[in-house]
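Take a look at the structure set out below.
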Amino acid sequence: MKESEKKDFKDTIFLPRTDFPMKANLPELEPKIIDFWEKNKIYERALETKKEIFSVHDGPPYANGNIHLGHALNKIIKDITVKYNLIFGKRAEFIPGWDCHGLPIEKEVEKRIGKNASPTEIRRESRKYAENFIGIQREEFKRLGVFGKWNEPYITMSPDYEAMIIDSINKIWKNGRIYSSYRPVFWCPICSTALAEAEVEYKTKKSPSIYFLFPAKFSEIEGERFENLFAVVWTTTPWTIPANFALAFNPEINYIIAKKDSRYLIVAEDLAGQILGDFEKVKVLKGYIFERKVFSHPLFDRESLGVIAEFVSKEEGTGIVHIAPGHGEEDFEVGKRYGLPVESVLDESGRGNENAKQYKSYFYTEINQKVIEDIEKKNLLLKKGEYEHSYPHCWRCKNPIVFRATKQWFIKVQDIKDKFIENIRKVKWIPEWGITRIESTVMARPDWCISRQRAWGVPIPYVICKNCGEYIWSEYTAEKIKQDILEGKADSWWEEDVSYFIPENLTCPACKSNSFEKGKDVLDVWIDSGLSFRYMKSKYRESFSFPADVYIEGTDQHRGWFQSSLILSVILEGEAPYKSVFTHGFILDEFKRKMSKSLGNVVSPSDIIKESGAEIVRVWAVFSDPSEDVKISEKILSEVIDIYRKVRNTIRFMLGSLGDNPQVVPEKLFPQDIYFLKKLEDTEKEVNSDYKNMEYHKVLRKIHFFADKILSGLFLDILKDTLYCDLPESPRRLSGQFAIFTILKSFLFLISPIFSFLAEESYQHLPEVFGFKKRESIFFESPDRMLLSFSNLSSIYEKEKNSAEELFSVLIPLREKLNEVADKMRKEKVIGSSLELKVFISLPDFPYFEAELLKSIVEEFFIVSKVFISSGEPALLKVERYSEAKKCPRCWKYFEGESDLCRRCSDVISKFYS
RNA sequence: GGGCCCAUAGCUCAGUCGGCAAGAGCGUACCCCUGAUAAGGGUAAGGUCUCCGGUUCGAGUCCGGAUGGGCCCA
């Protein structure tokens, strides 16, 4: 046959027709789709029609810096949750939030305008800084295709939010849960502020390490006399020695009296060798002996008391721990038991104060040196050196921090831990081990230190008695600050005089004095974000249901937001603020290392968006199981892109196959189509349940498998002959097109929470066939219009789906067998296309199917030209090249006969082109 | 150092109550098609289920320990 004749027949077949492009060019396309959603208020309008509320409550990101992949992963998972619930009829309003106050922004601003800036300047600049990044992050999140009320987010620095905070904290105070107390807290001497546990980082640090002696003020032990008796003590913080008031011994471990160079030394037995070298062991005794024994302070003229503490270990040091109750958490606890003074020897900038006596006004690192020198002068130093250990550092300025006793405000939580646990157990934690994690963090936590000596935050409403230093919390003050904030005077606390904030006749409850100054503390930012549920409750009454249906954050938030929200909610509302909590993992590189600037393995979402599109980020987010850590690499991204392409091309082919706009709904569906509709129904059910369980990576896998193997590899492949060559509006072709349309609608609907851009783009290209009238956006659609399992498709389908499945469960293994044989024949160059084959099979009786129909089904399903069926157990009997036949130039199937075209094709030509 | 979690083909994951001769997709190799064409189809090769020990007739699955990685804490 000549080329020209071939061409002629190509013009007579019905190839897919669609203007849906194969290449997406997402970086350019996506902004247009976002524009479409925004201009037409698609999300807002989709919400309007729904009633039942489903609340995905946003944990506010911190408003500094551009978003990173962790943010993207988080918001995408939230978005998928929101969209899934939305399309299934829930009013799923996503109100994004931003966390604005706090140290990181304040430090950043300080860097720009100088440390000496006034609080009002700092606050003004901090506010600008946060606003700027809210704007930036908002655009970045929108660019990812995340639906949300971007124009009415909640912002922790907005006047009504700040007022809500003051109101809430005052309510907790009225409940008697807030107290002030001296207490050693993490203190950054560089930033001059107390830090929360969440604000310290542990890094390796070299510290001085000294072994030194406390002279005993007693010489008799268990009836024996030891003149020149000393306790051996080890420390890596010599500057705390001026604050020493005790020496702690473990009651259970063995101590010895060692004679060395005419001195008797007390030290733990197991450690003596490595500390002392050569010595004479004089006596062994248990630590409890030393309780209430008195030693002399090595520097000052005062005493140091022997005490007992379980935490003293025999693994490290000397088995005797120097206790400075004002400078260590455990020291403080021990001190409290023995009634020791809680004294700080440092001022807020880390320099010696009055208590430090001769070390006054030296920085604590200088005190280290001086103390060592002085101890050496007194001949009490045994050994000195350096010690490398993991030590707390300030999260912001990265400098080592200290423990320092200061007066702070606390929320009492120790006494109601059982209430927290009780409420934790009512929540569904996904994955399940989340409950272990939150329970252990809640159980381990001390009372909540809520005060910070900073400017960028919500002021704590109290004043200080100038005469006696009493801290006085006042509802009057709280109310005044709150009113000012609401009237736009957020900084009045720093601008007005103290008299403005207190009632006229206020007297100090402790000393009756009437001279006061304003408190200098702002609230811990975890209070801000932890109260977000309360803001949602009051401001978004129409769209937020308390407790929220789900909180979704990274696993670090068990200690952070999940906990702060839980504590505040249990105190204020008597229950947890969420019904379920989903946690996702962190992002690692291809070698499972965390991302860090120093490793140079940081991937930013904007790079991927620029290169490949936001949809690729969305699909990546569910490519791995997000409840564990997720990896990203070039390889993974290219696989994600391949999945996208496959899904896109499959959709494109289906759109094209409906390009001739079939309108007549077929009365009869062919068994092939019914079988694939059944596959669709199965997939719908599985995918729906995966969505419900938030197993989005399983959704992706099923969607991909369905598009690739079921549709592209089977259904659409076998339908090509019908679609291309059968007469339009012939029963077989219409049935096929109807099935395609049914599948396509459903498929687009199911992928829309994840592939939001692709689903919308495809929906806009969807032809209105079989009487289907489109809506403005796919997000206006509903399951009953889009899903097979939610519609009541013709009784034919319901009636015949089981028999169709039965038939195909027999045909599929035969097809696989045939493929094996055909592959061999191709490799041996016997055939090329499978249409060159004729096949002999045996099948059991299928009473539902007539012989002719059955034969045509099998030919179509096998994509061969001729099938002979005999009766028997299912088997592939013989596969041969169909050598006696000739190829129809139109449909390329082989047939026997004299005519140029096969019968079907000549029929179509005569009917369609006459 | 402590708590929690993870560990299955080169990559990403399935693997319910212990019965598996261990599955899928991607990638790879080879082949076909050229009427989804910067597409489409087929076949095949890939695994001592991280390691060591235990329970059991039987363990990827249960228990103990080790190693590596993550989060949180000290």
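Computed from a prediction, not measured in an experiment: that's the story for all the values here.
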For this session: Answer yes or no: does a side-chain N or O of A:H558 lie under 4.0 Å from OP1 or OP2 of B:rC73?
Result: no

Exercise. Checking all strands, does A:G656 fall into the base, sugar-phosphate, or nothing category for heavy-atom contacts under 4.0 angstrom?
Worked result: nothing

Problem set entry | Pair of N/O donor and acceptor under 3.5 Å linking B:rC73 base with A:R559 side chain | no

Seminar exercise, completed: Atom NZ of A:K631 and atom C1' of B:rC6 are separated, to the nearest Å, by 9 Å

For this session: State whether the number of non-hydrogen atoms from other residues, nucleotides or ligands found under 6.0 Å of A:K817 atom NZ is greater than 12.
Result: no

For this session: Choose from B:rU34, B:rG35, B:rC72 the nucleotide whose nearest atom is closest to any side-chain atom of A:T441.
Result: B:rC72

Problem set entry | Rounded distance in Å between the P positions of B:rG60 and B:rA21 | 9 Å

For this session: Check whether any side-chain nitrogen or oxygen of A:K698 sits under 4.0 Å from OP1 or OP2 of B:rA14, and answer yes or no.
Result: no

Exercise. How does protein reach along nucleotides 39-47 of chain B, written 5' to 3' as B (base within reach of a heavy atom under 4.0 Å), S (only sugar-phosphate), or - (no contact)?
Worked result: SSSBB----

Problem set entry | Side-chain N,O (A:Y724) to OP1/OP2 (B:rA36) below 4.0 Å | yes

Problem set entry | Chi-angle category of B:rG60 [syn within 90° of 0, anti beyond] | anti

Exercise. Honestly, is A:R701 close enough over A:F623, meaning NZ or CZ under 6.0 Å from the six-membered ring centre and within 45° of the axis?
Worked result: yes

Problem set entry | Aromatic ring proximity, centroids under 6.0 angstrom, A:W892 and A:Y724 | no

Exercise. A:F653 has an atom CZ; how far is it from atom P of B:rU37, in whole Å?
Worked result: 9 Å

For this session: Give me the one residue out of A:Y578, A:Y551, A:Y62 that meets ring-ring contact (aromatic ring centres under 6.0 Å, His included) with A:W561.
Result: A:Y551

Problem set entry | Aromatic-base stack, A:W892 on B:rG35, cutoff 5.5 Å, angle under 30 | yes

Exercise. OP1 or OP2 of B:rG35 less than 4.0 angstrom from a side-chain nitrogen or oxygen of A:K10, does that happen here?
Worked result: yes

Might you list the N or O atoms of the protein lying below 3.5 Å from N or O atoms in nucleotides 67-69 of chain B, with each pair's distance?
| from | atom 1 | to | atom 2 | distance (Å) |
| --- | --- | --- | --- | --- |
| B:rG69 | O2' | A:K592 | O | 3.1 |

Exercise. Given atom CD of A:E439 and atom P of B:rC4, what is their separation to the nearest angstrom?
Worked result: 12 Å

Problem set entry | Sugar-phosphate only, base, or nothing, as touched by A:R17 at under 4.0 Å among non-hydrogen atoms | nothing

For this session: Starting from C1' on B:rC5, measure out to CD on A:Q557 and report it in whole angstrom.
Result: 17 Å

Seminar exercise, completed: Closest non-hydrogen atoms of A:I718 and A:F715, given as atom of the first, atom of the second and distance, are CG1-O, 3.2 Å

Problem set entry | Distance below 4.0 Å between A:S440 side-chain N/O and B:rG3 OP1 or OP2 | no

For this session: Could you measure between the two C1' atoms, the one in B:rA9 and the one in B:rA24, and give it in whole Å?
Result: 11 Å

Seminar exercise, completed: Taken to the nearest whole Å, CG/A:N25 to P/B:rA38 is 15 Å

Problem set entry | Upstream residue (5' side of RNA chain B) when A:W433 and A:K829 are each assigned their closest nucleotide | A:W433

Exercise. For A:K635 and A:S633, what are the C-alpha separation, side-chain angles and deciding distance, and is it a side chain to side chain donor-acceptor pair (under 3.5 Å)?
Worked result: CA-CA 5 Å; A:K635 199 170 175 179; A:S633 65; over 6 Å; no

Seminar exercise, completed: Taken in chain and number order and not counting sequence neighbours, the residues that satisfy ring pair (Phe, Tyr, Trp, His ring centres under 6.0 Å) with A:F705 are none

For this session: Search all heavy atoms of A:D721 against all heavy atoms of A:R904 and return the closest pair with its distance.
Result: OD1-NH2, 2.8 Å

For this session: Provide, to the nearest angstrom, the distance between the CD atom belonging to A:E628 and the P atom belonging to B:rC11.
Result: 16 Å

For this session: Could you state the atom-to-atom distance from OH of A:Y644 to P of B:rA38 in whole Å?
Result: 16 Å

For this session: Would you classify A:K702 as touching base, sugar-phosphate or nothing, given that sugar-phosphate means primed atoms plus P, OP1 and OP2, and contacts are heavy atoms under 4.0 Å?
Result: nothing

For this session: Would you indicate whether the side-chain heavy atoms of A:L719 and A:R732 approach each other to under 4.5 Å?
Result: yes

